[in-house]
Protein chains: 2
Amino acid sequence: MSSVAKNSAAKAVPVAKSAEKPAAKRVRRTAEEARRLILDAAEERLARQGPEGLRLQDIARDVGISHPAILHHFESREGLVRALIARTNAQLRDSLLGALGSDAANQDAADHIGHVFEALSDRGTARLLSWLLLTGRATEESDAHNIMGEIVEALQAKREEYAKDQGTPAPDKEDTLFIAMLTANAAFGEAIVGRQLAEAAGLDQDGIKRFRKWFAKLLNDHLESGS
Amino acid sequence: MSSVAKNSAAKAVPVAKSAEKPAAKRVRRTAEEARRLILDAAEERLARQGPEGLRLQDIARDVGISHPAILHHFESREGLVRALIARTNAQLRDSLLGALGSDAANQDAADHIGHVFEALSDRGTARLLSWLLLTGRATEESDAHNIMGEIVEALQAKREEYAKDQGTPAPDKEDTLFIAMLTANAAFGEAIVGRQLAEAAGLDQDGIKRFRKWFAKLLNDHLESGS
DNA sequence: GCAAGTACTGACATTCTTGTCAATATCCGA
DNA sequence: TCGGATATTGACAAGAATGTCAGTACTTGC
């Protein structure tokens with residue numbers, strides 16, 4: 001050992017009192033893994049406790065690291081929030097467009113409605129996005145722009161295709177847009193006030209399912225009535 | 001002026017350096033008035049900047065008082081929030097039930113929809129309520145319970161009356177409940193994501209109006225189709 | 001093995017926010 | 001006009017939160 005006496009008891013910084021802590025074997029993750037874990041923890045905190053539960057110290061404790069580690073990976077708290085927003089947006093986009101694209105020939109609204117509601121309710125995606133909208137963030141990010149635009153395009157394409165098959169006139173594009181908007185609004189609203197309202201009305205979990213079906217039927221009736 | 005030399009330069013506490021501040025003539029409001037002003041300012045801050053903009057110092061500056069004055073009137077920040085919630089709930093209740101009760105014979109959904117949307121959008125009522133729901137407050141307040149219950153009752157009564165006039169069968173109560181829920185959800189959703197979505201879709205203010213009308217028509221069609 | 005790169009940490013600095021307190025100014029009734 | 005009640009204030013206290021920094025320990029390429 002050439003460079004001796006480096007971690008003995010010399011310098012003075014770690015002190016190292018007799019036989020106390022076994023040093024706890026520091027763990028080291030890849031940067032990517034660490035970022036993922038941190039975002040996961042932040043996401044859950046946000047979903048469970050709302051915006052005020054998003055504190056670096058808490059998140060760090062959840063992950064099992066010190067809070068400066070978070071700063072190391074995300075620069076600042078704001079950076080963390082930005083990253084969380086970006087990831088949530090991407091997940092939402094995949095979830096929605098994926099569902100819309102997969103069962104290509106499915107014209108039944110109920111399935112799509114279900115997907116939208118679940119995509120927004122699960123893991124508190126809607127709550128997260130609502131919070132960021134409420135705090136005035138993402139005003140210029142305009143990620144939502146693309147998502148909404150793509151979805152309306154996809155929906156309109158399906159309706160036109162369906163109309164051609166049936167020999168009915170092509171549907172109005174604004175009508176398609178309104179359907180998408182209503183669904184989005186309703187899903188967001190449900191994610192936020194849904195539980196309260198359902199409780200107030202004495203609806204159980206099954207009642208909520210009935211509500212979604214009822215809503216899907218409402219839209220289906222509209223679709224079939226021809227604009 | 002018998003008791004002279006009271007605000008001269010004596011005691012030592014206010015220091016009163018030569019000719020600086022003219023003492024600024026302290027204003028004194030009634031407790032009620034002060035509370036009202038404070039709540040107004042808090043409400044606006046919340047609507048404009050979201051939950052993070054609700055700081056005692058800021059609110060105090062808006063009103064033109066010092067922040068301990070707020071504590072004096074509301075005990076604590078939490079007390080202020082509670083009071084704000086209570087007032088907002090009461091306003092919302094009056095607004096919604098008032099509209100529903102006034103034009104007694106009006107069966108047209110469009111007007112009611114318009115009222116609901118406006119009541120929730122104006123002054124950021126929905127944003128405020130959303131925030132408090134997101135932060136997990138008002139879980140047991142259950143003020144919302146009463147409001148929702150009353151509204152469904154009122155709506156159902158109107159539908160039954162209308163059905164009797166028309167000789168049609170009485171409407172299903174759950175259907176009425178679902179209509180109310182959808183409207184509430186959609187209005188909340190619009191209050192939060194509405195602007196973003198509309199922007200994304202290239203809708204202007206007029207487009208939003210068209211959307212609301214479209215939604216009202218959707219419900220009207222449903223009402224007239226008999227459940 | 002060695003050295004460079006970097007994930008990670010403890011301690012500290014800074015700033016912000018709620019809340020307390022004693023003192024003061026204003027209103028209002030006697 | 002006096003005196004009590006109370007709305008209001010400045011100064012301070014306590015705590016929490018983000019951010020900085022120098023140093024430590026793990027990994028990986030040579």
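Order of the sequence lines sets the chain letters (A, B, ...), proteins ahead of strands, with each chain counted from 1.
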Side-chain donor/acceptor contact of B:R26 with base of D:dT8 under 3.5 Å: yes
Does the side chain of B:E190 reach to within under 4.5 Å of the side chain of A:F188, using non-hydrogen atoms? no
Whole angstrom value for the distance that separates C1' of D:dT8 from CG of B:L37: 14 Å
Between B:R28 and A:R28, which residue's closest nucleotide on DNA chain C lies nearer the 5′ terminus? A:R28
Of B:T30 and B:P68, the one whose nearest nucleotide on DNA chain D sits closer to the 5' end is B:T30
Find the distance B:L80:CG to C:dT17:C1' and express it as a whole number of Å. 14 Å
Would you confirm whether B:R77, through its side chain, and B:L54, through its main-chain N or O, come within 3.5 Å as a donor-acceptor pair? yes
Gap separating the CG atom of A:L219 from the NE2 atom of A:H112, nearest 0.5 angstrom: 11.5 Å
Check the distance between D:dT8's C1' and B:E33's CD and give it to me in whole angstrom. 15 Å
C:dC8 phosphate, OP1 or OP2: any side-chain N/O from A:R29 under 4.0 angstrom? yes
Given atom CG of A:L71 and atom C1' of C:dA13, what is their separation to the nearest angstrom? 14 Å
Distance-only, no hydrogens or angles: does the B:H72 side chain make a donor-acceptor pair with backbone N or O of B:P68 under 3.5 Å? no
How long is the line joining CD1 of A:I70 and P of C:dC8, in whole Å? 11 Å
For a quick test of reading the model: is some side-chain N or O of B:H73 closer than 4.0 Å to OP1 or OP2 of D:dT8? yes
Kindly compute the distance separating CG (B:N185) from CG (A:L182), expressed to the nearest 0.5 Å. 10.0 Å
So, does B:R210 use its side chain to make a donor-acceptor pair with the main chain of A:E174 at under 3.5 Å? no
Check whether A:S130 reaches the backbone of A:A126 with its side chain - one donor and one acceptor, N or O, closer than 3.5 Å. yes
Protein-nucleotides 14-17 of chain D N/O pairs under 3.5 Å:
unit_1: D:dA17; atom_1: OP1; unit_2: A:R55; atom_2: NE; d: 3.2
unit_1: D:dA17; atom_1: OP1; unit_2: A:R55; atom_2: NH1; d: 2.6

What integer distance in Å separates A:I65:CD1 from D:dA25:C1'? 16 Å
Under-4.0 Å side-chain N/O to phosphate OP1/OP2 contact, A:H72 with C:dC8: no
Report the distance from atom CZ of B:R45 to atom P of C:dT17, rounded to the nearest whole Å. 11 Å
Between B:H67 (NE2) and D:dA11 (C1'), how many Å, whole number? 11 Å
